[in-house]
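Because only heavy atoms are used, hydrogens play no part in the values below, and waters and symmetry mates are left out as well, while side chains stay in. Position 1 is the first residue of the sequence; numbering continues from there.
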Amino acid sequence: MTIGASKRTTRILPDRDEASGWYETLTNTPPPAKSVEGSVECDWAIVGAGACGLAAARRLAELRDQDSIAVIDADRIGHGASGRNAGFMLNHNTHGEVKNLNVERRNSTLCAAGVDYLRNLVQEHQIQCHWSDWGRLYVAAEQHSNHHLTELCSNYDTLGVGYERIDRDRMKDMIGTGFYVSGMFAKGSALVQPAALMRGLGDTLPMNVTTFENSPVGDISRDGRFRLTCPGGVVEARDLILTTSVFIEEFGIGKMRIVPIATYGSLTRPLTDEELSHFGTESEFGLLPADPNGSTVRLTQDRRLFMRNSFSYARSKHIDAETVRYLEPVHRESIRRRWPALADVPFDSTWGGMLGFTRNDGTLFGQVEDGVYMAISSDASPVSRGSISGVLLAESICGLRSDLLDVMQSMPKAGLLPPDPILGMVVNYQLRKIERDGANEL
C-alpha cells in the first residue's frame, strides 16, 4: 500500500512520556524543542529523527545544498529508539546459525561502514558522547550456553572476523565477576552514550536542514505536494522520506514486515570509588550475551552500571509501565548475581525501548512510489547499519552509485509475516522458550 493521492492517518504514534535513562542523564540539558507551528514549506520532509533520518538528512543536504530539508520527529532527538538502546555501535553482529552466508557478509559490510561513518562524524564535530573503541565481549554464564558462544565463534571464522577467546579467570580479572564461564572478545565496534550521540548528530546538521521535535505527524496527504499535519501546524514538501522504524506501517507502508519487540534496561547512579573497586582491570566495558536470554551489561565512562534484559511482543508499539516496574527488581537481581556488593546501588532510571526484527534479515529501503522513499533499520546493529542506510538512501536518490549502495540494494526485502493473532502467538511462544532455556543467564 502506498500514499498515492489519498490521506494516510497514523493510528499509533510514539509515546512521548516514556522514561529514557540515557536522555535523563545527559550532561547538557537540551534546549527547548522547536516544534512545527503554522505552515512550513520545504523541498524535503523527513519523518523520523533517529539514526536513519539524521544520516539521510545530512547526506542529502550535502548533495543538494540548495534544497531545504525538514526533519520531523514525534519526540525529542535522542529520546527515541536510536537514543535509548544499549549504546553498542556494532561493526559485525550475528547470532545463532548462519541462515544465508551472503546476507551475513553483506550485513557485516554495512555495519562496519556505519561504525566508520559515525566515528568520523564524532571526531570531525567533536561530539561529546563518550565514544570508545573498546569493542565488545560476548559472554556465557553456564556451560550449556557455551554452544551459543562456540556457534558465534564459528560464524566469525566463516566471516573472517577476528576475535579472542576468554576463559573464566581472565574474564574475572577483566570485569570483576566469576558469574561467566567463558567469553569471546572482538574489536572494531564502539561504545557510546546513545542519547548524547543522537543529540550531537542532530546539533551538527548542515545549515539547510531544520529539525522539528515534539511534532508527531498525524496524517499525510498528497495533492501535488505532500502535506504533513502535526498538532501545531502543517509541513508541505515536494518529496517525502520515511525513517520511522516500526511505525512505518502506520503510514500504510511495509505492513506486517517488521516484528516489534520491546526490551528493558536500568541505569544506576554514578558509582563511588569504593563501588568501582568491585570491578576488574577494565575502566569501562560492554558485555553482550551469547545466549538469547542473557543480559547486556555495560560499565560506562561516567561510572554507571547498565543492565538490560527481558523481551516482550509489542504490537501496540507502546512500553507498558507496569512491565517496567516489574522488571526493575529483575535487573537488580541480575546485578546481585554478578556483583553482590552492588545489588543495592540505586537506579536513576528503568525504561523500555523498541526493536524491529524481520524474519529473513531483510530491509525496507529505497523508493516506494514517485516522491516517496524509506530507510528502515531493523534486526541487529540498528544505529550503525541504520546510519549507513540513511546515507545510502540519500546517495541513491541523487544518483550517486557505489559498491556499498550495491550491497545495500542487494539485501533481501523484509519478508511478509503472518497476521495477528497468529504472529503474536508464534512470537510469544518463541520468547517463552528462550526464557526457559536460558533462565540462569539473566
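Using a cut-off of 4.0 Å between Lys/Arg side-chain N and Asp/Glu carboxylate O, R337 and E142 are scored as not salt-bridged. A salt bridge links R303 to D273: at least one charged side-chain nitrogen sits closer than 4.0 Å to a carboxylate oxygen. A salt bridge is absent between D173 and R170: the closest approach of a Lys/Arg side-chain nitrogen to an acidic carboxylate oxygen does not fall below 4.0 angstrom.
Between F285 and W134, the angle of the ring planes lies from 30° to 60°, which puts this pair in the tilted group. Taking the six-membered ring for Trp and thresholds of 30 and 60 degrees, W351 and F306 have ring planes inclined between 30 and 60 degrees apart. The aromatic rings of F279 and W339 stand perpendicular to each other, their planes meeting at an angle above 60°, with 30° marking the opposite boundary.
Residues L416 and M256 form a side-chain contact, since some pair of their non-hydrogen atoms from C-beta on lies under 4.5 Å apart. Proximity of F347 to R332: side-chain heavy atoms (C-beta onward) are separated by under 4.5 Å at one or more points. Side-chain contact between V192 and H130 is absent, with no heavy-atom pair separated by less than 4.5 Å. Here the side chains of L228 and L240 are in contact, with some heavy-atom distance below 4.5 Å. With a 4.5 Å cut-off on side-chain heavy atoms, Y180 and R338 count as touching. At least one side-chain heavy atom of L392 sits under 4.5 Å from a side-chain heavy atom of L110. Using a 4.5 Å cut-off on side-chain heavy atoms (C-beta onward), H92 and C111 make no contact. The shortest distance between side-chain heavy atoms of R76 and R199 falls below 4.5 Å.
The SG atom of C129 lies 11.5 Å from the CH2 atom of W22; values are rounded to the nearest 0.5 Å. Note that CE of M174 is 5.5 Å distant from CG of L137, once rounded to the nearest 0.5 Å. With values rounded to the nearest 0.5 angstrom, L393 atom CG is found 10.0 Å from L242 atom CG.
The 12-atom threshold is exceeded at CG of N120, counting heavy atoms of other residues, nucleotides or ligands nearer than 6.0 Å. Surrounding NZ of K413 are at most 12 heavy atoms belonging to other residues, nucleotides or ligands under 6.0 Å away.
Residues D348 and T25 bring no donor and acceptor atom of their side chains to less than 3.5 Å of each other. In summary, the side chains of T244 and E250 do not present any donor paired with an acceptor at a separation below 3.5 Å, with no hydrogens or angles considered. Counted by atom type alone, S349 and Y23 present zero donor-acceptor pairs between their side chains at under 3.5 Å. The closest side-chain donor-acceptor pair between R136 and N91 falls under 3.5 angstrom. For the 3.5 Å distance criterion, the side chains of N107 and E104 fail to qualify, holding no donor opposite an acceptor. Inspection of the T27 and Q128 side chains reveals no N or O donor paired with an N or O acceptor under 3.5 Å.
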So T363 and S389, side-chain contact (heavy atoms from CB on, under 4.5 Å) or not? Walk me through it. CA-CA 10 Å; T363 64; S389 296; over 6 Å; no
